[in-house]
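Here's the structure, in structure tokens; my notes come after.
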Amino acid sequence: MQATQYLAKIIKELNQTVDLIADEEAEKLVNKILESKKVFLVGAGRSGFMGKSFVMRMMHMGIDAYVVGETVTANLEKDDLLIIGSGSGETKTLVSIAEKAKGLGGTVAAVTIFPESTIGKSADIIVKLPGSPKDKSESEYMTIQPMGSLFEQTMLLFYDALILRIMEKKGLDSNKMYGKHANLE
């Protein structure tokens with residue numbers, strides 16, 4: 001099969017994920033982002049990369065957003081929001097970070113395949129995304145892609161959709177956001 005044929009299959013899989021995401025949970029997350037003083041995001045591996053792109057766009061909108069673990073990350077305080085992107089919802093380091101955030105009075109949002117996971121159970125807001133975990137052992141969703149690729153791609157596109165919704169609510173457009181884009185290059 002040609003690479004472009006694989007691409008067509010991937011896009012078909014991504015199209016099928018849209019109807020499986022709850023609008024009301026996405027809207028809760030958008031509203032919490034907008035009402036929080038600071039927003040933190042954490043994820044391991046590729047999920048973390050997707051989160052970093054989301055934090056960058058929030059920064060472009062003037063939202064005080066940070067990636068957990070970076071040297072310039074602020075401290076989480078009461079009523080701040082921590083978003084955890086984790087397919088399994090069981091990554092030990094992320095479970096620990098969720099517990100710490102809750103202990104500090106933060107709100108925890110989980111973006112995961114498994115709402116019933118440890119992270120899902122501790123979260124105040126849960127957005128379930130379709131996909132398969134890395135080992136595909138407990139998947140109800142079939143994909144041609146390896147490991148957690150479908151979940152990670154869906155997460156990136158979901159985060160971009162959240163950005164569009166936040167832009168709408170804040171009355172922003174791309175031109176207004178460009179003013180916050182890096183200009184030292």
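Just the heavy atoms: all of them, side chains too, but no hydrogens, waters or symmetry mates, feed the values below. Being a predicted model, the structure only gives us computed values, none of them experimental. Along the sequence shown, residues carry numbers from 1.
Rounding to the nearest 0.5 Å gives a distance of 13.0 Å between OH of Tyr159 and NZ of Lys52. Considering CG of Leu172 and CG of Leu164, their distance stands at 11.0 Å, rounded to 0.5 Å. The line from CG of Leu104 to CD of Glu77 is 9.0 Å long, rounded to the nearest 0.5 Å. In this structure, Met167 CE and Ser174 OG are separated by 6.0 Å, a value rounded to the nearest 0.5 Å. Put simply, CG on Leu94 and OG on Ser117 are 10.5 Å apart, with the number rounded to the nearest 0.5 Å. The CE atom of Met61 sits 7.5 Å away from the CD1 atom of Ile33 when rounded to the nearest 0.5 Å.
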Next on the checklist: Could you walk me through whether Glu27 and Lys169 satisfy the side-chain contact (heavy atoms from CB on, under 4.5 Å) test, starting with their C-alpha distance in whole Å, then the side-chain angles of each, then the deciding distance to 0.1 Å, before giving a yes or no?
Outcome noted: CA-CA 11 Å; Glu27 194 66 13; Lys169 287 186 143 214; 3.2 Å; yes
Checklist entry - Can Lys9 and Gln5 be said to form a side-chain contact (heavy atoms from CB on, under 4.5 Å), step by step? => result CA-CA 6 Å; Lys9 287 188 175 287; Gln5 292 171 304; over 6 Å; no
Checklist entry - Between Glu13 and Gln153, does a side-chain contact (heavy atoms from CB on, under 4.5 Å) hold up when you go through it step by step? => result CA-CA 10 Å; Glu13 286 184 357; Gln153 292 158 356; 5.7 Å; no
Item to check | Intermediate values then yes/no, side-chain contact (heavy atoms from CB on, under 4.5 Å), Lys28 and Lys32 | outcome: CA-CA 6 Å; Lys28 278 185 201 173; Lys32 190 62 184 173; over 6 Å; no
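With a 6.0 Å radius and a threshold of 12 heavy atoms from other residues, nucleotides or ligands, Glu70 has its CD atom above the threshold. Crowding of Lys100 atom NZ: a count of heavy atoms from other residues, nucleotides or ligands under 6.0 Å not exceeding 12. The local environment of NZ in Lys37 is sparse, with at most 12 non-hydrogen atoms from other residues, nucleotides or ligands closer than 6.0 Å. In this structure, Asn75 places its CG atom where more than 12 heavy-atom neighbours from other residues, nucleotides or ligands lie under 6.0 Å away.
The shortest distance between side-chain heavy atoms of Glu35 and Leu81 does not fall below 4.5 Å. At a threshold of 4.5 Å between non-hydrogen side-chain atoms, the residues Ser122 and Glu99 do not count as touching. Side-chain contact check for Phe40 versus Ile97: every heavy-atom pair is 4.5 Å or farther apart. You'll find the side chain of Glu25 reaches within 4.5 Å of the side chain of Ile125, heavy atoms only. In this structure, Ile21 and Pro130 have side chains that are in contact, with non-hydrogen atoms separated by less than 4.5 Å. Ser47 is not listed as a side-chain neighbour of Met50, based on a closest heavy-atom distance of 4.5 Å or more. Side-chain atoms of Ile163 and Phe54, non-hydrogen and from C-beta on, do get closer than 4.5 Å to each other. Considering only heavy atoms from C-beta on, Leu162 stays 4.5 Å or farther from Arg57 through its side chain.
Side chain of Ser86 to main chain of Thr112: no donor-acceptor pair is present (N/O by atom type, distance under 3.5 Å, no hydrogens or angles). Checking side-chain atoms of Asp124 against main-chain N and O of Thr107 turns up no donor-acceptor pair under 3.5 Å.
Val42 and Val67 fall into different hydrophobic clusters, defined by Ile, Leu, Val, Met, Phe, Trp and Tyr side-chain heavy atoms under 4.5 Å apart, directly or through other members. No continuous path of hydrophobic side-chain contacts links Val68 to Met58 [ILVMFWY only; heavy atoms under 4.5 Å]. If you chain together hydrophobic residues whose side chains sit under 4.5 Å apart, Val18 and Leu150 never meet in one group. Under the 4.5 Å side-chain heavy-atom criterion for ILVMFWY residues, a single connected hydrophobic cluster contains both Ile83 and Phe151. In the hydrophobic clustering of this structure, Leu29 does not group with Tyr66; members are Ile, Leu, Val, Met, Phe, Trp, Tyr whose side-chain heavy atoms approach within less than 4.5 Å, directly or through other members.
Minimum interatomic distance between Ala44 and Thr91 (heavy atoms only, all atoms of both residues): CB-CG2, 4.2 Å. For the pair Leu82 and Ala98, the tightest heavy-atom approach, listed with the atom from each and the gap, is CD2-CA, 4.2 Å. The heavy-atom pair separating Gly87 from Phe114 by the smallest distance is O-CD1, 3.4 Å. The shortest non-hydrogen separation linking Ser36 to Val39 is CB-CG2, 4.3 Å. The two residues Leu14 and Thr17 have their closest heavy-atom pair at O-OG1, 2.6 Å. For Gly85 against Met155, the heavy-atom pair with the smallest separation is CA-CE, 3.8 Å.
Using modelled atom types and a 3.5 Å distance limit, the side chains of Glu90 and Thr118 yield a donor-acceptor pair.
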